[in-house]
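These notes are about the structure you will find just below.
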Amino acid sequence: MAHIFCISNQKGGVGKTTTTVNLAAGLAKIGQRVLMIDLDPQGNATMGSGIDKRSLTLSVYDVLLESASVAEARVRAEPCGYDVLGSNRELAGAEVELVTLERREKRLKTALASVLGEYDFVLIDCPPSLSMLTLNGLCSAHGVIVPMQCEYFALEGLTDLVNTIKQVHAHLNPALQIIGLLRVMFDPRVTLQQQVGAQLKSHFGDKVFNTVIPRNVRLAEAPSYGLPGVVFDPAAKGSQAFVEFAAEMVSRLKTSTPKN
Ligand code: ATP
Ligand code: MG
């Protein structure tokens, strides 16, 4: 059964979407079956997987409102090697529409149950907020992967995120845990980044992944070609780091069993 992970950080522009699509592609590359869910109305993970968000007939919006199943709404991102449950601006409306509905924070979890046997990993790209959408992601997941830049303010944002995860763990999803912090957009020439990176490791220990994702322009260019960097330019340093990260993830999980 699938390991379900949210890629989340309330801070905007920290590399959540880049991490989601490249980890999905990296896992696919090493033979894992992956479903990537875009829970952000910006639809960047959808576009970054080569799926045109404007031409989606069904999306995660329909799944949350129970007008379509995951099996009906998912599409194959062929060159990337994984399935996509896409999103577009319509999803912003779900926030309001869900408010009056029952089990509003458990909609995604319920919908996912029927496809979990088909995947090794379900990766959920969350929006940069603690919204009803993010809550649906956190209620569905076994764990959270937190991409972060090694800057001073990154640590402040982390406190908020850790508190949010604690709350969800206590009240809504006892299975939820922080899988790990991923240092992204790392530039070893910047002393502050080295210091914050080391500080993170000493404070959070094993919860910080060994793999570090460097700042790499090929990763930033790839979305305009509708591909994750891992597929667009496999030889790029950033792409290699994401494949390494996928391997680290798989080897970490070998000793633990999925909980669903
Ligand atoms: P949002 O909060 O808006 O959803 P996000 O957290 O998903 O943002 P991304 O969209 O992944 O962040 O990344 C923000 C920007 O940084 C993008 O332009 C992306 O291409 C670029 N970027 C991400 N990771 C890297 C990297 N390792 N090297 C260079 N550029 C990167
Ligand atoms: Mg994003």
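Numbering of ligands and ligand atoms starts at 1, following listing order.
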4.5 Å side-chain heavy-atom contact, Leu116 and Glu118 = no
List the closest protein heavy-atom neighbour of atom 22 (N) of ligand 1: residue, atom name, distance to the nearest 0.1 Å.
-> Met185 CE, 3.9 Å
Have a look at ligand 1 and work out which part of Asp40, if any, has a heavy atom under 4.0 Å from it: side chain, backbone, both or neither.
-> side chain
Do the non-hydrogen side-chain atoms of Arg183 and Ile213 ever get within less than 4.5 Å of each other?
-> no
Criterion salt bridge (charged side-chain N to carboxylate O under 4.0 Å, His left out) on Arg215 and Asp187, from CA distance to verdict = CA-CA 6 Å; Arg215 184 171 284 282; Asp187 185 347; 5.8 Å; no
If we ignore angles and hydrogens, is there a donor and acceptor under 3.5 Å between the side chains of Thr17 and Asn44?
-> no
Among non-hydrogen protein atoms, atom 5 (P) of ligand 1 lies closest to Lys16 N, 3.5 Å
Among Leu161, Val208, Leu182, Ile179, which residue meets the side-chain contact (heavy atoms from CB on, under 4.5 Å) test with Val146?
-> Leu161
Just which atoms of ligand 1 are under 4.0 Å from any heavy atom in Gly15?
-> 5 (P), 6 (O), 9 (P), 11 (O), 12 (O), 13 (O)
Mark up the atoms of ligand 1 that fall under 4.0 Å of a heavy atom belonging to Gly12, in ascending order.
-> 2 (O)
Any protein heavy atom < 4.0 Å from atom 3 (O) of ligand 1 = yes
Shortest protein contact, atom 14 (C) of ligand 1 (heavy atom only) | Gly13 O, 3.8 Å
Ligand 1 atoms in contact with Leu219 (distance to a heavy atom under 4.0 Å) | 26 (C), 27 (N)
Which is closest to atom 7 (O) of ligand 1 in terms of heavy atoms, Asn44, Thr17, Asp125?
-> Thr17
From atom 26 (C) of ligand 1, is the closest protein heavy-atom distance below 4.0 Å?
-> yes
Atom 30 (N) of ligand 1 has as its nearest protein heavy atom Ala220 CB, 3.7 Å
Which atoms of ligand 1 are found less than 4.0 Å from any heavy atom of Asn216?
-> 26 (C), 28 (N), 29 (C)
Region of Pro214 that comes within reach of ligand 1 [heavy atoms, distance under 4.0 Å] = backbone
Exercise: do Ser87 and Tyr61 side chains pair donor with acceptor under 3.5 Å | no
Indicate yes or no for a side-chain donor-acceptor contact from Asn22 to the backbone of Thr18 under 3.5 Å, with no hydrogens or angles considered.
-> yes
Does ligand 1 have an atom under 4.0 Å from some heavy atom of Gln42?
-> yes
Any side-chain heavy atom of Ser59 sitting closer than 4.5 Å to one from Leu85?
-> no
Thr18 heavy atoms within 4.0 Å reach ligand 1 at atoms 9 (P), 11 (O), 13 (O), 19 (C), 23 (C), 24 (N)
Shortest non-hydrogen contact from Gly26 toward Val230 | N-CG1, 4.1 Å
Taking atom types as modelled, is there a side-chain donor on Ser239 or Asp233 under 3.5 Å from an acceptor on the other?
-> no
Do any N/O/S atoms of Asn44 come under 2.8 Å of the Mg ion (ligand 2)?
-> no
Under 3.5 Å, side chain of Asn136 to main-chain N/O of Arg104, donor-acceptor pair present?
-> yes
Atoms of ligand 1, numbered as shown, that sit under 4.0 Å from any heavy atom of Val14 | 5 (P), 6 (O), 12 (O)
